[in-house]
Number of protein chains: 2
Amino acid sequence: MSLRNEILEVSRELLIERGFGKLSMRNIAKRANVTATSIYLHFDNKDDLLLALIDQSIEHLKEKLLAEIDSSKDLIRQLEDLARCYIQFALDHPKEYEIIYMVRPEEMPEYPKEKFQQIRSAYELLAEIIDKGRQKDLIDVENPVISAYTLWAQLHGVVSVILNKRLDTRIPQKEFIDQAIEHVIQGFIIQKTPA
Amino acid sequence: MSLRNEILEVSRELLIERGFGKLSMRNIAKRANVTATSIYLHFDNKDDLLLALIDQSIEHLKEKLLAEIDSSKDLIRQLEDLARCYIQFALDHPKEYEIIYMVRPEEMPEYPKEKFQQIRSAYELLAEIIDKGRQKDLIDVENPVISAYTLWAQLHGVVSVILNKRLDTRIPQKEFIDQAIEHVIQGFIIQKTPA
DNA sequence: CGTTTTCAGTTAACACTGTTAAGTTAACAG
DNA sequence: CTGTTAACTTAACAGTGTTAACTGAAAACG
């Protein structure tokens, strides 16, 4: 295996095992049995390495979402399944999820814009389903792409509160998630106004 | 003015002017015309200082929300106003908002739990309005406190995507926000099913 | 008054961080 | 056998949060 991939692999291990705070160049290097400076032969800098990790995480999430889609179910149900899948991914792989939103763009002056928008291909799964629902008058949206993005954002918020441990201790996590999904999905379905 | 307050003040200045990345103990100290170690006479450590800053930010946000409530308007409208106000606060004071969710609990072993749940008193504003709406059969919730929390979380998600610059460049920010608020609020109002 | 204790701040240092310039070492090309 | 290239290391720089030991002045006590 190339050293580049070795570095990516041990970085992921380290991230999951010991968290973002311990993910230093020297710790990564030690685990890969090289020196820290060797990493710079394969990555521009730490942000570049993190972006590669983010890439992998998004890919991972995308796979999970893709596997969840069951076209035989009705569209609203498909949307709810995806929402649940998204949240479950974040809970199952908290560190991998967090890193996606952890690297702060304002603090790395010249990052590749398209990298962050690579997540686009993932939320386009949502956009497709929303668009189908719109055509069948099941889902109430003007622009499926924008609505897919707001859905994505809403789910991120739900996950973010849990992962950052901001959830009120009086509120059971499961109940919070169920309620959140119910509200989120309801925000998209057509209001059946009296004829 | 006490040195403690002086430190808090220049910290806030520094955060706003130069961002979280430049908010180091030595930078703070320099601006307060003391040495870095003096800060430790007034705060346990950096996290403790950050928590004090977070406290102030939450208080600031709470004030804004409180000022936004207009009881003469209908409840749905009040909820929407609060949602818009929340998002606007985050856009007007991005650094102050970000710090609220930036300090990562898993990386500070023994933080005071009640600190993070101090935000509770802020979202209880939402809970109140939701509860009133429930009593008037305008809003569809089982538990106002939990639903208020899910609303809060969703708004945080919307803001988070914008502040982290994850918003697709093809999507105008204003349109994104308007759509998000529409979906979020619709997720709470009673479905007027045919009689 | 003089002495002692207390308090608020400083200096120096430790162990870490990302990152760069220069040096090494081995494989390959001519 | 020599020259070049590539992969890696060593040493160092400037920065980080944090601690222990020190300084000086003010307050407390006899």
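Chain identifiers are assigned alphabetically (A, B, ...) following the order of the sequence lines, protein sequences preceding nucleic acid strands; residue numbering begins at 1 within each chain. The model shown is predicted, which means the values in this text are computed figures rather than measured ones.
B/Lys46 has its NZ atom 4 Å from the P atom of D/dG17, to the nearest Å. Remark: P of D/dG15 and CZ of B/Phe20 are 19 Å apart, rounded to the nearest angstrom. The nearest whole Å value for the distance from the CG atom in B/Asn5 to the C1' atom in C/dA8 is 16 Å. Taking atom CZ of residue A/Arg4 and atom P of nucleotide D/dA6, one finds them 18 Å apart after rounding to whole Å. Atom CG in B/Leu41 sits about 15 Å away from atom C1' in D/dG17, given to the nearest Å. Between B/Arg18 atom CZ and D/dT16 atom P there is a gap of 11 Å when expressed in whole angstrom units. B/Lys22 has its NZ atom 8 Å from the P atom of D/dT16, to the nearest Å. For B/Phe43 and C/dG9, the CZ to P distance is 12 Å, given to the nearest whole Å.
Look at A/His42 and you won't find any side-chain N or O under 4.0 angstrom from OP1 or OP2 of D/dA7.
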For residues 151-161 of chain A, which side-chain donor-acceptor pairs fall under 3.5 Å, sequence neighbours excluded?
{"from": "A/Trp152", "atom 1": "NE1", "to": "A/Tyr101", "atom 2": "OH", "distance (Å)": "3.0"}
{"from": "A/Gln154", "atom 1": "NE2", "to": "B/Gln154", "atom 2": "OE1", "distance (Å)": "2.6"}
{"from": "A/His156", "atom 1": "ND1", "to": "A/Tyr97", "atom 2": "OH", "distance (Å)": "2.7"}
{"from": "A/His156", "atom 1": "NE2", "to": "B/Ser160", "atom 2": "OG", "distance (Å)": "3.2"}
{"from": "A/Ser160", "atom 1": "OG", "to": "A/Asn164", "atom 2": "ND2", "distance (Å)": "3.3"}
{"from": "A/Ser160", "atom 1": "OG", "to": "B/His156", "atom 2": "NE2", "distance (Å)": "3.1"}

Per-nucleotide protein contact string for nucleotides 23-28 of chain C (B base, S sugar-phosphate only, - none; heavy atom under 4.0 Å): ------
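Within residues 25-40 of chain A, the residues that have a heavy atom under 4.0 Å from DNA chain D are, in order of number, A/Arg26, A/Val34, A/Thr35, A/Thr37, A/Ser38.
Side chain of A/Glu96 to backbone of A/Ile16: no donor-acceptor contact under 3.5 angstrom is found. A donor-acceptor contact shorter than 3.5 Å links the side chain of A/Gln186 to the backbone of B/Ile189.
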I would like to know whether A/Asp81 and A/Arg84 meet salt bridge (charged side-chain N to carboxylate O under 4.0 Å, His left out); could you show each step before the answer? CA-CA 5 Å; A/Asp81 285 350; A/Arg84 241 171 240 290; 5.9 Å; no
Residue pair B/Leu14, B/Lys22: steps toward the side chain to side chain contact (heavy atoms under 4.5 Å, CB included) verdict: CA-CA 7 Å; B/Leu14 216 49; B/Lys22 294 286 176 194; 5.6 Å; no
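Rounded to the nearest 0.5 angstrom, A/Asn33 CG and A/Glu6 CD are separated by 7.5 Å.
The base-pairing partner of C/dT10, taking Watson-Crick or G-U wobble contacts with both distances under 3.5 Å, is D/dA21.
Annotation for A/Met25 and A/Asn45: closest pair CE-C, 4.4 Å, computed over non-hydrogen atoms. For A/Ile185 against A/Ala83, the heavy-atom pair with the smallest separation is CD1-CB, 4.5 Å.
Exactly one residue among B/Ile54, B/Leu49, B/Asp55 makes a side-chain contact (heavy atoms from CB on, under 4.5 Å) with B/Leu51. That residue is B/Ile54.
Of the two residues near DNA chain C, A/Ser24 and A/Asp44, the one whose nearest nucleotide lies more 5' is A/Ser24.
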